[in-house]
Colleague: 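Before anything else, here's the structure in question.
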Amino acid sequence: MKLKIVLLISFCLLTLSIRSQNVEMVKFPFVETILKNNSDTTYVINFWATWCKPCVKELPDLEKLNEKYSGKKVKVILVSLDFKRQYETNLIPYVSKNKLQSQVVLLDEPDYNSWIDKVDKSWGGAIPVTLVINNHKKFRHFFQKEITFEELEKTIKPIIN
Amino acid sequence: MKKIIAFISVIAAFLSLNAFMPSPGYQAGDKAKEIKLKNVDGKMVSLADYKDAKGFIVIFTCNHCPFSVAYEDRIITMHNKYSAKGYPVIAINPNDKNIEPEDSFEGMVARAKEKNFPFAYLYDQSQFYAKEYGATRTPHVFVLTRSGKNLIVDYVGAIDDNTDDASAVTKKYVENALEEILSGKKVSTSFTKAVGCTIKWKKA
(Lines give C-alpha, C1' and ligand atoms only; values in the text may rest on other atoms or scores of the structure.)
Protein backbone atom coordinates (compact mmCIF):
# COMPACT_ATOMS: atom_id res chain seq x y z
CA MET A 1 0.00 0.00 0.00
CA LYS A 2 2.73 2.39 1.07
CA LEU A 3 4.71 1.57 -2.03
CA LYS A 4 1.69 2.34 -4.22
CA ILE A 5 1.28 5.75 -2.63
CA VAL A 6 4.96 6.53 -3.05
CA LEU A 7 4.76 5.47 -6.68
CA LEU A 8 1.66 7.55 -7.24
CA ILE A 9 3.25 10.63 -5.68
CA SER A 10 6.43 10.19 -7.70
CA PHE A 11 4.34 9.82 -10.83
CA CYS A 12 2.49 13.06 -10.06
CA LEU A 13 5.74 14.89 -9.42
CA LEU A 14 7.20 13.55 -12.63
CA THR A 15 4.21 14.73 -14.70
CA LEU A 16 4.42 18.12 -13.04
CA SER A 17 8.07 18.48 -13.88
CA ILE A 18 7.40 17.53 -17.48
CA ARG A 19 4.59 20.04 -17.82
CA SER A 20 6.42 23.07 -16.50
CA GLN A 21 9.44 24.08 -18.52
CA ASN A 22 12.95 24.51 -17.37
CA VAL A 23 13.76 28.23 -17.34
CA GLU A 24 17.33 28.74 -18.39
CA MET A 25 19.46 31.57 -17.06
CA VAL A 26 21.33 33.12 -19.98
CA LYS A 27 23.85 35.82 -20.83
CA PHE A 28 23.54 38.29 -23.69
CA PRO A 29 25.27 36.06 -26.30
CA PHE A 30 22.15 33.86 -26.14
CA VAL A 31 20.11 36.80 -27.49
CA GLU A 32 22.88 37.85 -29.87
CA THR A 33 22.94 34.38 -31.47
CA ILE A 34 19.25 34.70 -32.26
CA LEU A 35 19.69 38.24 -33.57
CA LYS A 36 22.36 36.96 -35.97
CA ASN A 37 20.72 33.64 -36.86
CA ASN A 38 20.38 33.27 -40.61
CA SER A 39 17.92 30.37 -40.74
CA ASP A 40 14.47 30.97 -42.16
CA THR A 41 12.85 31.11 -38.73
CA THR A 42 10.84 34.08 -37.57
CA TYR A 43 11.78 34.92 -34.00
CA VAL A 44 9.43 36.90 -31.80
CA ILE A 45 11.57 38.06 -28.89
CA ASN A 46 9.69 39.69 -26.05
CA PHE A 47 11.41 41.43 -23.13
CA TRP A 48 9.31 41.31 -19.98
CA ALA A 49 9.26 40.77 -16.21
CA THR A 50 6.79 39.05 -13.89
CA TRP A 51 6.04 42.23 -11.93
CA CYS A 52 5.54 44.40 -15.04
CA LYS A 53 1.78 44.74 -15.46
CA PRO A 54 1.67 45.71 -19.15
CA CYS A 55 4.12 42.86 -19.88
CA VAL A 56 2.11 40.21 -18.10
CA LYS A 57 -1.05 41.47 -19.75
CA GLU A 58 0.24 40.72 -23.25
CA LEU A 59 1.72 37.28 -22.46
CA PRO A 60 -1.48 35.40 -23.43
CA ASP A 61 -1.29 37.04 -26.87
CA LEU A 62 2.30 35.90 -27.32
CA GLU A 63 1.38 32.42 -26.12
CA LYS A 64 -1.48 32.31 -28.59
CA LEU A 65 0.87 33.24 -31.43
CA ASN A 66 3.36 30.60 -30.35
CA GLU A 67 0.68 27.95 -30.28
CA LYS A 68 -0.96 28.88 -33.57
CA TYR A 69 2.28 29.15 -35.56
CA SER A 70 4.42 26.53 -33.86
CA GLY A 71 4.52 24.39 -37.01
CA LYS A 72 5.44 27.33 -39.24
CA LYS A 73 9.00 28.15 -38.24
CA VAL A 74 7.86 30.81 -35.79
CA LYS A 75 9.54 30.84 -32.39
CA VAL A 76 8.42 33.00 -29.50
CA ILE A 77 11.08 33.62 -26.87
CA LEU A 78 10.15 35.36 -23.64
CA VAL A 79 13.25 37.04 -22.26
CA SER A 80 12.63 37.82 -18.60
CA LEU A 81 14.40 40.77 -17.00
CA ASP A 82 13.37 39.78 -13.49
CA PHE A 83 16.18 40.24 -11.00
CA LYS A 84 18.41 37.19 -10.56
CA ARG A 85 17.51 36.99 -6.87
CA GLN A 86 13.87 36.58 -7.89
CA TYR A 87 14.56 33.68 -10.26
CA GLU A 88 13.34 31.00 -7.87
CA THR A 89 10.92 33.07 -5.82
CA ASN A 90 9.06 34.82 -8.66
CA LEU A 91 9.95 33.69 -12.16
CA ILE A 92 9.92 29.88 -11.86
CA PRO A 93 6.61 29.85 -9.92
CA TYR A 94 5.09 32.29 -12.42
CA VAL A 95 6.08 30.21 -15.44
CA SER A 96 4.79 26.97 -13.97
CA LYS A 97 1.61 28.48 -12.55
CA ASN A 98 0.71 30.01 -15.91
CA LYS A 99 2.02 26.96 -17.79
CA LEU A 100 3.87 29.12 -20.29
CA GLN A 101 4.66 27.10 -23.40
CA SER A 102 6.86 29.60 -25.26
CA GLN A 103 10.51 29.34 -24.33
CA VAL A 104 11.30 31.47 -21.25
CA VAL A 105 14.82 32.53 -20.31
CA LEU A 106 16.13 34.82 -17.60
CA LEU A 107 18.61 37.31 -19.02
CA ASP A 108 21.20 37.78 -16.30
CA GLU A 109 23.02 40.78 -17.72
CA PRO A 110 22.78 43.69 -15.27
CA ASP A 111 24.85 46.25 -17.23
CA TYR A 112 21.85 47.19 -19.34
CA ASN A 113 23.68 50.00 -21.09
CA SER A 114 26.08 47.49 -22.64
CA TRP A 115 23.44 45.59 -24.62
CA ILE A 116 20.21 47.62 -25.06
CA ASP A 117 21.45 49.18 -28.31
CA LYS A 118 22.34 45.74 -29.67
CA VAL A 119 18.68 44.73 -29.48
CA ASP A 120 17.53 47.94 -31.14
CA LYS A 121 19.10 51.38 -31.28
CA SER A 122 15.73 53.07 -30.82
CA TRP A 123 14.98 51.22 -27.56
CA GLY A 124 15.00 53.56 -24.57
CA GLY A 125 15.03 50.68 -22.08
CA ALA A 126 11.43 50.54 -20.85
CA ILE A 127 9.58 47.21 -21.02
CA PRO A 128 7.66 45.56 -22.59
CA VAL A 129 9.21 45.55 -26.05
CA THR A 130 8.98 42.91 -28.78
CA LEU A 131 11.35 42.30 -31.66
CA VAL A 132 10.17 40.32 -34.70
CA ILE A 133 13.15 39.19 -36.73
CA ASN A 134 13.85 36.93 -39.69
CA ASN A 135 17.35 37.52 -41.07
CA HIS A 136 16.89 35.10 -43.95
CA LYS A 137 14.03 37.27 -45.23
CA LYS A 138 15.84 40.43 -44.13
CA PHE A 139 12.90 41.31 -41.93
CA ARG A 140 13.01 43.22 -38.66
CA HIS A 141 10.30 45.06 -36.76
CA PHE A 142 10.64 46.46 -33.26
CA PHE A 143 7.54 47.15 -31.17
CA GLN A 144 8.41 49.65 -28.46
CA LYS A 145 4.95 49.36 -26.95
CA GLU A 146 2.40 46.83 -25.75
CA ILE A 147 1.31 44.46 -28.51
CA THR A 148 -1.68 42.28 -29.32
CA PHE A 149 -2.04 38.90 -31.01
CA GLU A 150 -3.63 40.58 -34.04
CA GLU A 151 -0.74 43.01 -34.51
CA LEU A 152 1.81 40.22 -34.24
CA GLU A 153 -0.09 37.97 -36.62
CA LYS A 154 -0.37 40.79 -39.15
CA THR A 155 3.38 41.38 -38.84
CA ILE A 156 4.50 37.79 -39.28
CA LYS A 157 2.01 36.64 -41.95
CA PRO A 158 3.78 38.20 -44.95
CA ILE A 159 7.13 36.73 -43.90
CA ILE A 160 6.19 33.16 -43.07
CA ASN A 161 4.68 32.35 -46.46
CA MET B 1 4.93 85.89 -55.17
CA LYS B 2 3.09 82.57 -55.45
CA LYS B 3 6.34 80.81 -54.87
CA ILE B 4 6.95 82.77 -51.68
CA ILE B 5 3.47 81.94 -50.39
CA ALA B 6 4.01 78.28 -51.22
CA PHE B 7 7.35 78.36 -49.45
CA ILE B 8 5.84 80.01 -46.37
CA SER B 9 3.03 77.45 -46.25
CA VAL B 10 5.53 74.61 -46.40
CA ILE B 11 7.50 76.13 -43.54
CA ALA B 12 4.31 76.73 -41.55
CA ALA B 13 3.15 73.17 -42.16
CA PHE B 14 6.51 71.87 -41.06
CA LEU B 15 6.49 73.99 -37.91
CA SER B 16 2.98 72.96 -36.93
CA LEU B 17 3.87 69.31 -37.52
CA ASN B 18 6.92 69.77 -35.39
CA ALA B 19 4.83 71.19 -32.58
CA PHE B 20 2.91 67.92 -32.29
CA MET B 21 5.94 65.68 -32.23
CA PRO B 22 6.97 64.53 -28.78
CA SER B 23 10.23 66.00 -27.56
CA PRO B 24 13.10 63.69 -28.49
CA GLY B 25 14.46 64.32 -25.02
CA TYR B 26 17.26 66.39 -23.60
CA GLN B 27 20.85 65.61 -24.44
CA ALA B 28 24.04 66.84 -22.86
CA GLY B 29 24.48 70.53 -23.70
CA ASP B 30 20.77 71.27 -23.99
CA LYS B 31 19.09 73.98 -21.96
CA ALA B 32 16.67 72.46 -19.43
CA LYS B 33 13.38 73.97 -18.29
CA GLU B 34 13.09 75.30 -14.77
CA ILE B 35 10.91 73.00 -12.67
CA LYS B 36 8.11 74.03 -10.33
CA LEU B 37 5.91 71.31 -8.83
CA LYS B 38 4.14 70.21 -5.66
CA ASN B 39 6.30 68.43 -3.11
CA VAL B 40 5.16 65.63 -0.78
CA ASP B 41 4.83 68.19 2.04
CA GLY B 42 2.13 69.94 0.01
CA LYS B 43 4.27 73.00 -0.76
CA MET B 44 5.33 74.10 -4.22
CA VAL B 45 9.02 73.61 -4.90
CA SER B 46 10.92 75.47 -7.57
CA LEU B 47 14.51 74.83 -8.61
CA ALA B 48 15.06 78.59 -8.32
CA ASP B 49 14.41 78.22 -4.54
CA TYR B 50 17.71 76.40 -4.16
CA LYS B 51 19.86 79.50 -3.91
CA ASP B 52 23.09 77.67 -3.12
CA ALA B 53 22.71 74.86 -5.62
CA LYS B 54 25.25 74.57 -8.41
CA GLY B 55 22.93 72.16 -10.13
CA PHE B 56 20.57 69.25 -9.64
CA ILE B 57 20.25 65.50 -9.97
CA VAL B 58 16.73 65.28 -11.42
CA ILE B 59 15.37 61.72 -11.24
CA PHE B 60 12.07 60.66 -12.78
CA THR B 61 11.00 57.80 -10.54
CA CYS B 62 7.91 56.42 -8.82
CA ASN B 63 6.61 54.22 -6.00
CA HIS B 64 5.56 51.01 -7.72
CA CYS B 65 8.40 50.21 -10.12
CA PRO B 66 10.85 47.57 -8.80
CA PHE B 67 13.72 49.23 -10.68
CA SER B 68 12.97 52.50 -8.87
CA VAL B 69 12.54 50.76 -5.53
CA ALA B 70 15.87 48.97 -6.01
CA TYR B 71 17.57 52.37 -6.29
CA GLU B 72 15.86 54.19 -3.38
CA ASP B 73 18.65 53.67 -0.86
CA ARG B 74 21.31 54.56 -3.42
CA ILE B 75 19.41 57.75 -4.32
CA ILE B 76 19.27 58.74 -0.63
CA THR B 77 23.03 58.14 -0.27
CA MET B 78 23.72 60.09 -3.45
CA HIS B 79 21.63 63.04 -2.23
CA ASN B 80 23.38 63.11 1.13
CA LYS B 81 26.77 63.05 -0.55
CA TYR B 82 26.14 65.54 -3.35
CA SER B 83 23.67 68.05 -1.93
CA ALA B 84 26.54 69.11 0.34
CA LYS B 85 28.56 69.70 -2.82
CA GLY B 86 25.82 71.74 -4.45
CA TYR B 87 23.90 69.03 -6.32
CA PRO B 88 20.73 67.96 -4.48
CA VAL B 89 18.44 65.21 -5.77
CA ILE B 90 15.05 66.30 -7.12
CA ALA B 91 12.85 63.21 -7.48
CA ILE B 92 9.78 63.49 -9.71
CA ASN B 93 6.92 61.03 -10.13
CA PRO B 94 5.31 61.48 -13.56
CA ASN B 95 2.98 58.45 -13.54
CA ASP B 96 -0.78 58.59 -14.08
CA LYS B 97 -2.47 57.26 -10.95
CA ASN B 98 -5.41 56.02 -13.03
CA ILE B 99 -3.07 53.49 -14.60
CA GLU B 100 -0.89 52.83 -11.55
CA PRO B 101 -2.82 53.66 -8.36
CA GLU B 102 0.29 53.11 -6.21
CA ASP B 103 1.82 56.19 -7.87
CA SER B 104 -0.83 58.62 -6.58
CA PHE B 105 0.21 61.72 -4.61
CA GLU B 106 -0.95 59.97 -1.40
CA GLY B 107 1.25 57.02 -2.34
CA MET B 108 4.20 59.36 -2.76
CA VAL B 109 3.60 60.97 0.64
CA ALA B 110 3.49 57.53 2.26
CA ARG B 111 6.62 56.31 0.45
CA ALA B 112 8.60 59.48 1.29
CA LYS B 113 7.64 59.10 4.95
CA GLU B 114 8.41 55.40 5.09
CA LYS B 115 11.86 55.83 3.51
CA ASN B 116 12.44 59.21 5.16
CA PHE B 117 13.44 60.81 1.84
CA PRO B 118 15.86 63.68 2.54
CA PHE B 119 15.15 65.20 -0.89
CA ALA B 120 12.16 66.80 -2.61
CA TYR B 121 9.77 64.28 -4.17
CA LEU B 122 7.60 66.17 -6.65
CA TYR B 123 4.39 65.25 -8.42
CA ASP B 124 4.36 65.85 -12.19
CA GLN B 125 0.62 65.33 -12.41
CA SER B 126 0.24 66.90 -15.86
CA GLN B 127 3.32 64.95 -17.10
CA PHE B 128 4.58 68.20 -18.58
CA TYR B 129 8.14 67.85 -17.30
CA ALA B 130 8.48 64.17 -18.18
CA LYS B 131 7.52 65.06 -21.75
CA GLU B 132 9.66 68.19 -21.87
CA TYR B 133 12.75 66.40 -20.53
CA GLY B 134 12.08 63.33 -22.65
CA ALA B 135 11.93 60.86 -19.78
CA THR B 136 10.83 57.44 -21.03
CA ARG B 137 11.25 55.15 -18.05
CA THR B 138 11.68 55.05 -14.30
CA PRO B 139 14.24 55.67 -13.00
CA HIS B 140 15.60 58.15 -15.58
CA VAL B 141 18.24 60.66 -14.46
CA PHE B 142 19.09 64.16 -15.75
CA VAL B 143 22.06 65.94 -14.17
CA LEU B 144 21.78 69.71 -14.62
CA THR B 145 24.23 72.51 -13.91
CA ARG B 146 23.37 76.17 -13.36
CA SER B 147 25.12 78.47 -15.76
CA GLY B 148 24.04 82.07 -15.29
CA LYS B 149 20.30 82.11 -15.88
CA ASN B 150 20.32 78.76 -17.60
CA LEU B 151 20.22 75.14 -16.55
CA ILE B 152 22.45 73.04 -18.77
CA VAL B 153 22.10 69.27 -19.15
CA ASP B 154 25.32 67.43 -18.32
CA TYR B 155 24.19 63.82 -18.18
CA VAL B 156 21.16 61.73 -19.15
CA GLY B 157 20.62 58.10 -18.29
CA ALA B 158 21.08 55.38 -15.71
CA ILE B 159 22.29 55.65 -12.11
CA ASP B 160 24.84 52.84 -12.37
CA ASP B 161 25.42 49.51 -14.10
CA ASN B 162 23.70 47.13 -11.68
CA THR B 163 20.10 47.76 -10.62
CA ASP B 164 19.70 44.44 -8.86
CA ASP B 165 22.82 44.40 -6.72
CA ALA B 166 24.36 47.62 -5.40
CA SER B 167 27.41 45.72 -4.16
CA ALA B 168 28.20 44.49 -7.67
CA VAL B 169 28.21 47.94 -9.29
CA THR B 170 31.33 48.65 -11.34
CA LYS B 171 30.32 51.87 -13.11
CA LYS B 172 28.63 54.64 -11.13
CA TYR B 173 27.48 56.69 -14.10
CA VAL B 174 25.84 59.58 -12.22
CA GLU B 175 28.54 59.84 -9.55
CA ASN B 176 31.29 59.74 -12.17
CA ALA B 177 29.55 62.53 -14.08
CA LEU B 178 29.22 64.59 -10.89
CA GLU B 179 32.85 64.08 -9.93
CA GLU B 180 33.92 65.24 -13.38
CA ILE B 181 31.64 68.28 -13.20
CA LEU B 182 32.88 69.18 -9.72
CA SER B 183 36.49 69.02 -10.85
CA GLY B 184 35.72 71.20 -13.85
CA LYS B 185 36.05 68.45 -16.44
CA LYS B 186 33.78 67.59 -19.33
CA VAL B 187 31.53 64.61 -18.56
CA SER B 188 33.06 61.66 -20.41
CA THR B 189 29.97 59.43 -20.41
CA SER B 190 27.04 61.79 -20.82
CA PHE B 191 24.43 59.27 -22.00
CA THR B 192 23.54 55.74 -20.91
CA LYS B 193 20.53 53.47 -21.20
CA ALA B 194 18.91 51.19 -18.66
CA VAL B 195 15.98 48.83 -18.44
CA GLY B 196 13.15 50.44 -16.53
CA CYS B 197 9.40 50.65 -16.16
CA THR B 198 7.47 52.55 -18.79
CA ILE B 199 6.19 55.94 -17.71
CA LYS B 200 2.46 55.49 -17.24
CA TRP B 201 1.21 58.12 -19.70
CA LYS B 202 -2.34 59.37 -19.41
CA LYS B 203 -4.69 57.83 -21.92
CA ALA B 204 -5.55 60.50 -24.47
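Side chains are part of it too, since the values below use all heavy atoms of this structure and drop only hydrogens, waters and symmetry mates. The chains referred to below are lettered A, B, ... by the order of the sequence lines, with proteins before strands, and numbering in each begins at 1. This is a predicted model, so every value here is computed, not measured.
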Colleague: Check the surroundings of atom CD in Glu88(A): do more than 12 heavy atoms from other residues, nucleotides or ligands lie under 6.0 Å from it?
Modeller: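 Not buried by this count: 12 neighbours or fewer within 6.0 Å.
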Colleague: Inspect the surroundings of CD in Gln27(B) and state if more than 12 heavy atoms from other residues, nucleotides or ligands are less than 6.0 Å away.
Modeller: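 It does not: Gln27(B) CD has 12 such atoms or fewer within range.
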Colleague: For atom CD of Glu32(A), decide whether the heavy atoms of other residues, nucleotides or ligands shown that lie under 6.0 angstrom number more than 12.
Modeller: yes
Colleague: Say you draw a straight line from CD of Gln144(A) to OG1 of Thr136(B); how long is it, rounded to the nearest 0.5 Å?
Modeller: 7.5 Å
Colleague: Is it true that Asp164(B) and Arg85(A) make a salt bridge, defined as a side-chain N closer than 4.0 Å to a carboxylate O?
Modeller: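 Arg85(A) and Asp164(B): salt-bridged.
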Colleague: Could you state the interatomic distance from CD (Glu146(A)) to OG1 (Thr198(B)), rounded to the nearest 0.5 Å?
Modeller: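 Going from CD on Glu146(A) over to OG1 on Thr198(B), the span is 6.5 Å.
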Colleague: Tell me if a side-chain donor or acceptor on Lys193(B) pairs with a main-chain N or O of Ser114(A) at a distance below 3.5 Å.
Modeller: no
Colleague: Restricting to non-hydrogen atoms, name the atom on Ala126(A) and the atom on Arg137(B) that form the minimum distance, rounded to 0.1 Å.
Modeller: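 Residues Ala126(A) and Arg137(B), closest heavy atoms: CB-CB, 3.9 Å.
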Colleague: Can you name the nearest heavy-atom pair linking Thr163(B) to Tyr112(A), along with the distance?
Modeller: OG1-CE1, 3.1 Å
Colleague: For the interface with chain B, which of Cys55(A), Gly124(A), Pro128(A) has the highest count of heavy-atom pairs at distances below 4.5 Å?
Modeller: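 Option with the greatest count: Gly124(A).
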Colleague: Within the 4.5 Å heavy-atom criterion, are Tyr173(B) and Asn113(A) side-chain neighbours or not?
Modeller: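 In contact.
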Colleague: With a cut-off of 6.0 Å (strictly less than), are more than 12 heavy atoms of other residues, nucleotides or ligands near NZ of Lys36(B)?
Modeller: no
Colleague: May I ask you to check whether over 12 heavy atoms, not counting those of Asn38(A), lie within 6.0 Å of atom CG?
Modeller: yes
Colleague: Which one wins on heavy-atom pair count under 4.5 Å against chain B: Trp123(A), Phe47(A), Trp51(A)?
Modeller: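 Between Trp123(A), Phe47(A), Trp51(A), the count favours Trp51(A).
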Colleague: Does NZ in Lys72(A) sit with more than 12 non-hydrogen atoms of other residues, nucleotides or ligands closer than 6.0 Å?
Modeller: no
Colleague: For Glu100(B) and Lys53(A), run side-chain contact (heavy atoms from CB on, under 4.5 Å): C-alpha distance rounded to whole Å, both residues' side-chain angles, the deciding distance at 0.1 Å, then the answer.
Modeller: CA-CA 9 Å; Glu100(B) 185 48 77; Lys53(A) 287 180 200 168; 3.0 Å; yes
Colleague: Is atom NZ of Lys137(A) surrounded by more than 12 heavy atoms (other residues, nucleotides or ligands) closer than 6.0 Å?
Modeller: yes
Colleague: Got a sec: does the NZ of Lys27(A) have more than 12 other heavy atoms crowding it under 6.0 Å?
Modeller: yes
Colleague: Where does Ala158(B) contact chain A at under 4.5 Å (heavy atoms): side chain, backbone, both or neither?
Modeller: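 Answer is neither: Ala158(B) stays 4.5 Å or more from chain A.
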Colleague: Taking side chain as C-beta onward, heavy atoms only, is Lys200(B) less than 4.5 Å from Pro54(A)?
Modeller: yes
Colleague: Just verifying a value: how many Å separate Ile127(A) CD1 and Phe67(B) CZ, rounded to the nearest 0.5 Å?
Modeller: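 So the CD1 of Ile127(A) and the CZ of Phe67(B) are separated by 5.0 Å.
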Colleague: So, do Ile116(A) and Val195(B) sit near enough that their side-chain heavy atoms are less than 4.5 Å apart?
Modeller: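 When only atoms from C-beta onward are counted, Val195(B) and Ile116(A) do touch, with a gap below 4.5 Å.
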Colleague: Go through the atoms of Ala70(B) and report whether side chain, backbone, both or neither lie under 4.5 Å from a heavy atom of chain A.
Modeller: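 The side chain, not the backbone.
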